[in-house]
Amino acid sequence: MNNNASTHNSQLTTHDESYNIELEVFQGPFDLLLELILRQEVDLFDVPIAAITDNYLKYLQRMKELNLEVTSEFLVLAATLIELKSIALLPVEDEEKAEGSYEEETRESLIGHLIDYKTFQNAADDLYVRGEMQSKMYPRDVQLPEELSVSAPDVLEGVRLIDLISLAHELMQPKPSFKIDTTHIYEYKVSIEEKIAEVKDRLKDRSRRTFRDLCGSAGSKIEKILIFLAILELFKRGEIAVSQARTFGEINIKLVNSEQ
Amino acid sequence: MLKGIIESLLFVSDEPLSVAKLQQVTGQGQTEIEVALEEIKVELADGERGIVLQEVAGGFRFFTNPKYSAYVEKLVLSSEFRRLTQAALETLAVIAYRQPITRVEVSNIRGVSVDSVLANLVAKGLVKEVGKDDAPGHPTLYGTSDIFLESFGLKDLGELPSLEEFSPDEETARKIQRHLQS
Amino acid sequence: MLKGIIESLLFVSDEPLSVAKLQQVTGQGQTEIEVALEEIKVELADGERGIVLQEVAGGFRFFTNPKYSAYVEKLVLSSEFRRLTQAALETLAVIAYRQPITRVEVSNIRGVSVDSVLANLVAKGLVKEVGKDDAPGHPTLYGTSDIFLESFGLKDLGELPSLEEFSPDEETARKIQRHLQS
């Protein structure tokens, strides 16, 4: 499975580079994801979600390099994609892949959301065409002929001078800059490599730990995902052994110690 | 005669005139007004005339034929077209089709925070507060304004194409499905 | 086609248009313009139409047919006609205190485009062009009119209370405060 994924990966990477999509400011994470999906004109009915995830992350990286705004929403979607990717990397029994699984639900909801979003994007295009047409049509904003404007009701009827002054005063205040306290927002700086080291440390500390135990310390969804990926990686490298006594039971993890 | 009266009223008015208003000023019945308006509209609709009659925001108003906009702009101070950003258009589309709607609901559909875009649309008068939601905290509900209808040449919201017409085509939907399969 | 263009120009123009001006905007010769104007005039001259074309000092201009003046007056006198919008009031307030001021400067203060609002204030006679700025492109400078002074019972602009003296009352101050905190 792992092999499969990486094969697709490399194919997609070469292909993608030839597209050379211009980096623009995307109207949000769905916009970016849609762009990636729809520009991938290659007919691969089994393009793994991993490929989309990789591309998406690559974009975020380039957006950051170009100092484009990467808001937290982009990162949340990235986390969701990574989550789907990591689930997809696990060997799954056929019957477990049945509908209604968590993975299935997440993916269905993401697909539904993208389709909804695309619908509104199309509606926005329609509005654009209408607005453009209307902006070419000029109404008549012309003073009334004098004989009429004399008898016309006072346009300022009911407006007091004090009202006008209040308005002027308010409008001429220096614009308050709505500063948002950003001290609680920080960049997530931990890499998978660091998590791998951390997991190893904790396993050295105590030779056997459960999966639940290892993930229990995670503060955020993305951290949990990183720990999970770290465990997968360690397992692949053969550095840890994983065992599970029964279905849905605790997953025990221990270091494969070469010295022992 | 009634046609002439209505023509002169539309000519001096600086806002769309509703059928009710035209009834009130002319003392004529609804049917007569509607027939006269239709006649004026048809006469002006040959595509070559300088003026067109359009129903916007619940009333009728004369506009210049869009075909001649280049000349009109040469004469009057060319209004730098208030081109809306893609973000503003998307937000406006969501509000137009889902109103009344809260800020958070718009954010959820667009996948990003819409605070500043929404504030800008309110400042431009295209979107307005229309009430409070019953949900906890009673968030403000937003809807589109008459200025919105006028700016996009719409008689009323019913003139907007149904949202179903904008569903992504089959190929797009298939692509989305396919690419998110693991 | 030329007839249509001229119709649209006459429709939006605030003043009589001379043949020379029409030549300049359309790029057509004097004879072509004159022929087109004559055609428009004849078409509108059947006595029943709402709009008539007249040659007045300085050029040609559309007027409402005098036959229907009673109806036009009734419309103009109806109370809700010509009421100022909030956007118009704000624009007026800025111009009153910052005149002479360009359109772009007003936009900057209000944070939105003011094109149509400004045209409307000029049309209502509250604001007028008072000169050209020295800046590149020599944008038009706007100021308030005598009608504006009269409406507020002011002898001259010097009688406008100074803005500095004016500080918001407690409630307004509290509102702003609350705004900043939320």
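Keep in mind that this is a model prediction, so the values were computed, not measured. Numbered from 1 within each chain, the chains take letters A, B, ... in sequence-line order. What you see below is based on every heavy atom in this structure, not just the backbone, and it leaves out hydrogens, waters and symmetry mates.
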Should B/Val130 and B/Thr140 be marked as a side chain to side chain contact (heavy atoms under 4.5 Å, CB included) after you check the CA-CA gap, both sets of side-chain angles, and the distance that decides it?
CA-CA 8 Å; B/Val130 293; B/Thr140 305; over 6 Å; no
Here the pair of heavy atoms bringing B/Tyr68 nearest to B/Arg49 is CE1-O, 3.3 Å
One option among A/Thr119, A/Val129, A/Asp126, A/Ile115 has the most heavy-atom pairs under 4.5 Å with chain B, and it is A/Thr119
Given A/Phe30, A/Phe74, A/Phe120, the one with more heavy-atom pairs under 4.5 angstrom with chain B than any other is A/Phe120
Check step by step if side chain to side chain contact (heavy atoms under 4.5 Å, CB included) holds for A/Tyr117 and A/Gln27.
CA-CA 11 Å; A/Tyr117 177 68; A/Gln27 308 308 318; 3.9 Å; yes
Of all pairs that satisfy side chain to side chain donor-acceptor pair (under 3.5 Å), the ones with a partner from residues 148-158 of chain B, not counting sequence neighbours:
B/Arg61-B/Glu150
Heavy-atom distance under 4.5 Å to chain A: side chain of B/Ser107, backbone, both or neither?
neither
Can you tell which part of A/Leu77 gets under 4.5 Å to a heavy atom of chain B, answering side chain, backbone, both or neither?
neither
Does any heavy atom of chain A fall under 4.5 Å from the side chain of B/Ile51, the backbone, both, or neither of them?
neither
Applying a strict 4.5 Å limit to non-hydrogen atoms, the region of B/Val52 in contact with chain A is side chain
Does NZ or CZ of A/Arg140 fall inside the cone over B/Phe11's six-membered ring, less than 6.0 Å from its centre and within 45° of the axis?
yes
Among B/Arg98, B/Lys67, B/Glu165, residue most engaged with chain A (heavy-atom pairs, under 4.5 Å):
B/Arg98
Does B/Glu43 reach the main-chain N or O of B/Ile40 with its side chain, forming a donor-acceptor pair under 3.5 Å?
no
